[in-house]
Participant: 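Structure provided below as structure tokens; questions to follow.
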Number of protein chains: 4
Amino acid sequence: MIKVGIVGGTGYTGVELLRLLVQHPAVELRVITSRSEAGRGLDHLFPSLRGHTDLCFAEPDVDALAGCDVVFYATPNGVAMTQVPELLARGVRVIDLAADFRLKDADTWSEWYGMAHACPALLEDAVYGLPEVNRAEIASARLVANPGCYPTAVQLGFLPLLEAGLIDAGAMIADCKSGVSGAGRQANVGTLLCEAGESFKAYGVNGHRHLPEIRQGLNAVSGGSCGLTFVPHLTPMIRGIHATLYAQLADDSADLQALYEARYAREPFVDVMPAGWTPETRSVRGSNMCRMAVCRPMSGNTVVILSVIDNLVKGAAGQAVQNMNIMFGQEESAGLTQVALSP
Amino acid sequence: MIKVGIVGGTGYTGVELLRLLVQHPAVELRVITSRSEAGRGLDHLFPSLRGHTDLCFAEPDVDALAGCDVVFYATPNGVAMTQVPELLARGVRVIDLAADFRLKDADTWSEWYGMAHACPALLEDAVYGLPEVNRAEIASARLVANPGCYPTAVQLGFLPLLEAGLIDAGAMIADCKSGVSGAGRQANVGTLLCEAGESFKAYGVNGHRHLPEIRQGLNAVSGGSCGLTFVPHLTPMIRGIHATLYAQLADDSADLQALYEARYAREPFVDVMPAGWTPETRSVRGSNMCRMAVCRPMSGNTVVILSVIDNLVKGAAGQAVQNMNIMFGQEESAGLTQVALSP
Amino acid sequence: MIKVGIVGGTGYTGVELLRLLVQHPAVELRVITSRSEAGRGLDHLFPSLRGHTDLCFAEPDVDALAGCDVVFYATPNGVAMTQVPELLARGVRVIDLAADFRLKDADTWSEWYGMAHACPALLEDAVYGLPEVNRAEIASARLVANPGCYPTAVQLGFLPLLEAGLIDAGAMIADCKSGVSGAGRQANVGTLLCEAGESFKAYGVNGHRHLPEIRQGLNAVSGGSCGLTFVPHLTPMIRGIHATLYAQLADDSADLQALYEARYAREPFVDVMPAGWTPETRSVRGSNMCRMAVCRPMSGNTVVILSVIDNLVKGAAGQAVQNMNIMFGQEESAGLTQVALSP
Amino acid sequence: MIKVGIVGGTGYTGVELLRLLVQHPAVELRVITSRSEAGRGLDHLFPSLRGHTDLCFAEPDVDALAGCDVVFYATPNGVAMTQVPELLARGVRVIDLAADFRLKDADTWSEWYGMAHACPALLEDAVYGLPEVNRAEIASARLVANPGCYPTAVQLGFLPLLEAGLIDAGAMIADCKSGVSGAGRQANVGTLLCEAGESFKAYGVNGHRHLPEIRQGLNAVSGGSCGLTFVPHLTPMIRGIHATLYAQLADDSADLQALYEARYAREPFVDVMPAGWTPETRSVRGSNMCRMAVCRPMSGNTVVILSVIDNLVKGAAGQAVQNMNIMFGQEESAGLTQVALSP
């Protein structure tokens, strides 16, 4: 059994991680820390967990964490980077669900996250936890930077085209729509049901923190400098991201459907739909699947990729568990075989 | 492995049954029939099942069904009663998720369902599949009538009070609120998102088909003739039933919290919350749990029970699987241990 | 033109008041104060008002308010009571949309609202602003206590039965369901879309502040001490209250439909639906109407009243404008003739 | 008073037209026809209209319609074209809210709408009812083709850029998101709350009927052949369209904010937000406004326009009333000054 610790499990990513881990066949959940909730049962905060665990939130305690095989950070940005070096030094492997280790360049990180990085030397060492790209590195990683939700949906969508060199990498567009849970479980007027319900809007048009993360990933694949316009939107639902991706074909002779099917044929968590189908976010609600379709509207020169994930699963907690499975030699889909909840 | 067949799996109850059965450790799903969808893969109708099953819908075929150990009917009311006698005769056990065998009295059934009953002789034989009341009879039943969604939430809520004889059984009130999936996957103006969304209404105030079913159950427990006012409402969400139950205490000296906790202490799928807590429907979304709380507002003479279920799980498909587990000597919670999806 | 001031217009009641007042044919909106937003245009907070007003939020300033004919308080409980005496002394009439002046008994008020009352002597003087009961007193009032949302729906529903003495006033039940806007525009985890969406729950079962207000109103009508069980619920939508009211008939010979139609025949904002109809909250969304139906399920002894309002209109801002119209000799429906937004 | 008739008022466009017309100060609503509802009061179908009109649906009757000054068609595509010639011949002016007269080319129309056009000769004569482009022609039109919802949001968004010749017209992208009411009030599985709620999807990627309409409009402005990729999506809400428009700047020296503000300075129903703001669909819910923002993300070469409307108002019934006002010399905003319902 893998001995697991969680730091900061009071948000949506945290409760989703708990949902997956309490059912995981090879996990022993040892400790979960939360300063604000220390001493209270998990079910006080999350009644959905009643009957599934007797664990209580504990005060942060590095010694308790050091007794684990792996520790998940489900904390706000900037927390993990102050604690991870000690855990690594004590031989614990770490999966960070926040953004602390996602960017390779410390200056870029500081610019977008508004603080100095506490351990820039670790940035090179950290493995970006997108299994469809970095599976081998993840297997041996001490520190995995779990990707953001938008970056997961967007990179998986563009990858086959960039790898095959079929598009103009200088003018890609990612029009993304997210459910509100992406904004977290913070008291915030903007995400009240009465503000975010029955309405649709763009946000962060002039720069969203996931932009440099996506660009870094796309650049690594294309071997050059990708030009990406990224516009996120808030859609009135709880879970789900729908990325609608646009690019201009440099070579329009390729069989895009075959390309996508081949690229993801052996991936357990990417489903390329048959030609003519379109994915709905609900088809992945609660599941770790990324479901996608590739289209050329009116047979024109613009390729459109539709890519959907559950932002809390493949976009966060599920992908983290997938990474843990890879790191510890488990079946990659262990604990991740849930059928999406639909309707 | 239990060999399972499904008749009519194209509605919400059907897809939920499929979600549970494709993950069930002791089930081999043999055949699923649908006249309208015969020959097409399940994933054509329900993309959430892609990758979980290769099964196709088949033409109705009694011989194929006769090769199963158990057949679930997820058909409209009135279908099962025309086919079940033959299957029983051929040694197949049946769980009917429709209403055909829920009422003991054929005349009452005809009155509420608007048709003659095709096999009234089977009504006495059929076991009403509420495990918390009829577990032993279910274990040996050939034919189980799976309870309705409202009846499950209401009966479980009132049971301890009636069994203990603590309330005036002549003036009970059940004010129930259901998500829209209870209305099924039928093309219908009234359940369009634009009609049922962002609105709340009562319906069936002058008589709903679940009323005689609830009364039959409550009468069996109280040993008399219960008086019940039942008002169902439609609430703008997909899954979930919240029953708010009111009764006048005949004896106000009892410790109601202790009574409820004792009654359900060994039930795997009834959770009595601590005093002062209130259940939310989302805490059981996708799970087979019935979660409840008992209150005496302002310490008065009126007892209020709050009882929530997922109408598609404990109110339909999950309870059906629970019944199957009991019938075939499985762990009662086999295939039913999912944590609720929250948020 | 009526010169109008508003104190505290940054919540949902405030913006709804603004929506109604900027279109009111006899109103000149003079001043709106907000400490937090002073100096900013109303449209910064509420883009829906762009093009309808150039007014800015102003610092609180009693002299500016004193130049108005009437001042609306759309502030948290406890604010109006500290400022109203001075305004009244300077000849300004006041409509308080908070709870400061709703209860006649200062001790009861303190008990439920958790603070001492700043001007208990005014409580007797204040007129409870339910026009269907107190129209004449409202017309000459200096200070109107605008009713709460639940109290409006519940009192209008029970009134005809209590006035006619037809029910057992000792055991009434009000099972009420509210949209989330009733909780206000406060940053609060519990009313996030991800918490309150796609879920249904009861709250305040052991005592809600609207209970003493409702009881006070019902007692005044029945001339005795009413027994009421009041259970509020949160329903996943933005606007609307649905009150489902239950009572036992003491006299079952009355024609309840005729009683209700007669009682409200001349009321501009109460609509008794034809027998057999049931109201939906969306049929009053954005309108000042209270729409209701009266039923006797299965022709039994329990009468059920279904009463719906828009909590922000007839349950708050609209009723306040209705009261203003009465106080200033306007047509009672001036500025309140909007058709509900449906769908 | 303008004497008005409506053909086919039983859908969402119809009830919205009724909401606006029963409050319009210069309209006398004479007749509304519906074969299926003939003889019933409007309030039977739309309880929100109770108290606002006593009108009943009438059997289709060309003589009754011929007594009107103007007739609105709120019928399915293909109905108006069979009746309009007679009405025009009898001197009645017509506003068609369906698509029958939107395209100038009869062959293109037939190709996209799947039937022959009944009166192709009228296509040239019909005026495309986008007041911001064709105000003068609308004023004298006998027959106005009211624009589609997507076409309104997209054309208004792109117009200033195309008129100024600032973008590459060959590679425009319109990523559009619509509330479900755009699909109409038809019994349809796909728009059930349980199918369209809590989910997001694209549809019509390979060709949507609004594409040729948008292209025709953009071509007319740009004087050339525009290349447009148009991807519509369904978002889980009732009302609202959000168009996110992308284009490559051919000339990046222009002050886009100033351009947009100047273009729409005198338009009563287009609101260009200040730089840095982003529009939400709820800010126009129930109102006839098109609200937009213009951005250049990261100061790059891609211009992004965000354009929101209420699909039932500026995208249908409201624009139809705006056209009527222009045709009959009324104040253009008569009956259209409602503040958006927010929250």
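Numbers restart at 1 for each chain; the letters A, B, ... are given by sequence-line order, proteins then strands.
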Participant: Using a cut-off of under 4.5 Å on heavy-atom pairs, state which of C:Val189, C:Val180, C:Leu193 scores highest against chain A.
Facilitator: C:Leu193

Participant: To check you understand the geometry: which heavy-atom pair defines the closest contact between A:Ile238 and C:Gly197, and what is its length?
Facilitator: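 Between these two residues, the closest heavy atoms are CD1-O, 3.8 Å.
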
Participant: Only pairs under 3.5 Å, no angle test: what donor-acceptor pairs are there between chain C and chain A?
Facilitator:
from     : atom 1 : to       : atom 2 : distance (Å)
C:Tyr12  : OH     : A:Glu195 : OE2    : 2.5
C:Thr191 : O      : A:Leu193 : N      : 2.9
C:Leu193 : N      : A:Thr191 : O      : 3.0
C:Glu195 : OE2    : A:Tyr12  : OH     : 2.6

